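Take a look at the structure set out below.
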Amino acid sequence: MKKRFLEDIELNQGILHKIVSIYENNPEDKKDLFQEILYQLWKSYPGFENRAAFSTWMYRIALNTALLRQRKKYTSREINRTYFQEKIQNPGVEDKKISLHMAIDQLNRIDKAISLLYLEQKSYQEIAEIMGMNKNNIGVRINRIKKQLKKVLEYERRK
Amino acid sequence: MNEENNHIDENLFHQWQQESENNSQQLNLTEMEKLLKKASSDFSGSIKKTLKLDMIFKLCLMAGFLFILFLYMDNSFVLFTSTLFILTGLICLAAENLFLKGIGQVQSMERGIEDLIRDELKFYRSNLIRYPVVLSVSIAMFYALGSMIYHAVKYGYVNPFRDVTDVIVLTSLMLLGIIISMAANFPFFRSKINNLESLLKDLRNEDDFRIREREIKLKKQITLALFILIGAAGLIALIYIILQLL
């Protein structure tokens, strides 16, 4: 069973790396989170029973693990928010390319999960199923997330 | 507007794909198997480890109390203290066992995030005091057993401590140890609850505006009602004073 589990994970590990990259910036923290997600997936694997698609099941457990993880005192969100505030007030501040990852970092933890699923081109129904949330709520949140991300992209284009 | 939205979507998807390709890394089966051998490093994993170690520690202490009770059964202080701590130890072990089972149940990651947060919050809130107390009892047990063993080894007997002052001092020291230990364990637990509450706020983000609006409206109504009451009371008081003067 372990061999089959690891083979399934190996095929779908891209999902895990993407989740890890939006919740952690530090390489050591990314490794810790990846290991924790792997542990939780293995713990839940006996109950999987092919009730849903493997990737759907994997998304749910991986995102729940990342969301419930204890937040560190100074998160990258605080650091990036400070950077954005500085940019608005002092355009002369050293320029860094504003990536989509940095823009997503401005969102709260739940919105980060939803934005990841949206950017992976999951339907609203799939996102609602993975998150265990209402589909209408997902739609409203995605519209708000798009507006926030658009602001950042427009700023980058204007430079 | 729809065209603009589709354009935004395409830009975002394209940029996401590019960034993901740049950041991509792959682990092989051997590397993943190595990671899988490690234990859980998250909060509940740490608590489980602490609890299991504490349970082993308590069992060792209870064995120590049984041993010293066997040696000094005619000593009333030893009899009372050992019996008390063995019974307390058994109750604490039962509580810790229940707690371990509880953690396993609430941590089923296959559920929706809202259910997970609510269940974990309920569990940790209900154990906020219980968990530090149960852990702290080990300090008192260790102190009591250590004192008795030291006395027995150094003087060949255990002081029965019949003097009230001795009992008060010893009990106070043990209680102090418990309080200090609780104070050390409490923030660890509290931080988990704070994290969950913050996550719940993130989840309710969509409702925040409506909740705030309702709160502001209610606050205004309460302020108005208070203003009317105070105004009316003031007016009545004024009329009464005027009538009294007349």
Side-chain angles (χ1 to χ4, degrees), chain A residues 2-3 5-7 9-10 13-14 16-18 21 31-32 34-36 38-44 47-48 57 60-65 67-71 99-101 104 107-111 113 115-116 118-121 129-133 137 140-141 143-144 146-147 149-150 153, chain B residues 4-5 7-9 11-46 104 107-117 120 188 191-192 194-196 198-207:
Chain A
K2 199 174 191 179
K3 192 169 174 244
F5 168 75
L6 285 171
E7 281 167 1
I9 296 292
E10 199 194 15
Q13 63 173 297
L16 301 187
H17 290 297
K18 284 174 190 174
S21 72
K31 197 178 167 190
D32 278 344
F34 189 92
Q35 186 261 322
E36 186 58 34
L38 209 59
Y39 172 85
Q40 294 294 343
L41 284 165
W42 172 236
K43 204 173 125 188
S44 307
F48 172 49
W57 172 83
R60 178 175 265 208
I61 292 180
L63 285 170
N64 282 345
T65 307
L67 284 165
L68 289 172
R69 193 165 148 87
Q70 200 74 352
R71 272 174 87 176
S99 66
L100 193 49
H101 276 81
I104 292 170
L107 306 170
N108 72 42
R109 285 173 288 175
I110 301 292
D111 284 349
S115 65
L116 168 83
Y118 160 71
L119 289 166
E120 290 291 304
Q121 302 187 49
E129 199 186 307
I130 290 167
M131 297 296 293
M133 288 167 69
N137 193 354
V140 172
R141 289 184 98 115
N143 281 332
R144 198 181 60 229
K146 280 201 282 190
K147 279 180 193 161
L149 295 180
K150 183 187 165 190
L153 288 176
Chain B
E4 195 188 314
N5 276 337
H7 183 63
I8 295 165
D9 289 9
N11 276 343
L12 289 173
F13 296 150
H14 178 69
Q15 191 161 347
W16 177 250
Q17 211 178 346
Q18 269 192 323
E19 286 185 22
S20 299
E21 277 163 15
N22 291 340
N23 292 336
S24 72
Q25 39 177 294
Q26 297 288 313
L27 297 175
N28 58 39
L29 280 174
T30 318
E31 284 167 321
M32 283 197 283
E33 198 165 359
K34 229 178 174 176
L35 284 176
L36 207 51
K37 282 186 181 146
K38 290 186 186 179
S40 170
S41 60
D42 79 338
F43 181 83
S44 61
S46 308
Q107 259 229 323
S108 170
M109 292 291 186
E110 290 176 270
R111 291 176 294 157
I113 188 65
E114 190 161 4
D115 291 336
L116 254 179
I117 297 169
E120 285 215 354
F188 178 62
S191 74
K192 174 66 174 176
N194 288 344
N195 189 45
L196 288 167
S198 146
L199 197 54
L200 198 60
K201 274 187 194 156
D202 287 350
L203 188 66
R204 285 179 178 159
N205 199 244
E206 190 45 39
D207 291 333

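Everything quoted here is computed from the prediction, not taken from an experiment. Chain letters run A, B, ... following the sequence lines, proteins first and then strands; every chain starts at 1.
The CG atom of A/L41 sits 9.5 Å away from the CD atom of B/E110 when rounded to the nearest 0.5 Å. Put simply, CG on B/N195 and CZ on A/R109 are 5.0 Å apart, with the number rounded to the nearest 0.5 Å. Going from atom CE of B/M109 over to atom CG of A/N64 covers 6.5 Å, rounded to the nearest 0.5 Å. Note that NZ of B/K201 and CD1 of A/I110 are 14.0 Å apart. Values are rounded to the nearest 0.5 Å. Between the OG atom of B/S44 and the CD atom of A/Q40 there is a distance of 6.5 Å, given to the nearest 0.5 Å. Once rounded to the nearest 0.5 Å, the distance linking CG of B/D202 with CG of A/L67 reads 9.0 Å.
In this structure, A/Q35 and B/L35 approach most closely via the heavy-atom pair CG-O, 3.5 Å. Residue B/F13 comes nearest to A/Y118 through the heavy atom pair CE2-O, 3.3 Å, listed as atom of the first residue, atom of the second, then distance. The two atoms that bring B/W16 and A/L116 nearest to each other are CZ2-CD1, 3.3 Å, heavy atoms only.
Contacts of A/S44 classified as side chain to side chain donor-acceptor pair (under 3.5 Å), with partners at least two apart in sequence or in another chain: none. Looking at residues two or more places apart in sequence or on another chain, you find a side chain to side chain donor-acceptor pair (under 3.5 Å) between B/S191 and A/Q70.
Looking at B/L199 and A/L68, their side chains come closer than 4.5 Å, going by heavy atoms from C-beta outward. Side-chain contact check for B/L203 versus A/M133: some heavy-atom pair is nearer than 4.5 Å. Between A/Q13 and B/Q26, some side-chain heavy-atom pair lies under the 4.5 Å cut-off.
For chain A, the nearby part of B/L116 is the side chain; its heavy atoms alone come within less than 4.5 Å. Heavy atoms of A/E10 lying under 4.5 Å from chain B belong to its backbone as well as its side chain. Using a 4.5 Å cut-off between heavy atoms, A/L16 does not touch chain B at all. Using a 4.5 Å cut-off between heavy atoms, A/K2 contacts chain B through its side chain alone, with no backbone atom that close. For B/E120, the part lying near chain A is the side chain, with the backbone staying farther off; criterion is any non-hydrogen pair under 4.5 Å.
Between chain B and the residues A/I130, A/L149, A/L38, A/L63, the most heavy-atom pairs under 4.5 angstrom are made by A/L38.
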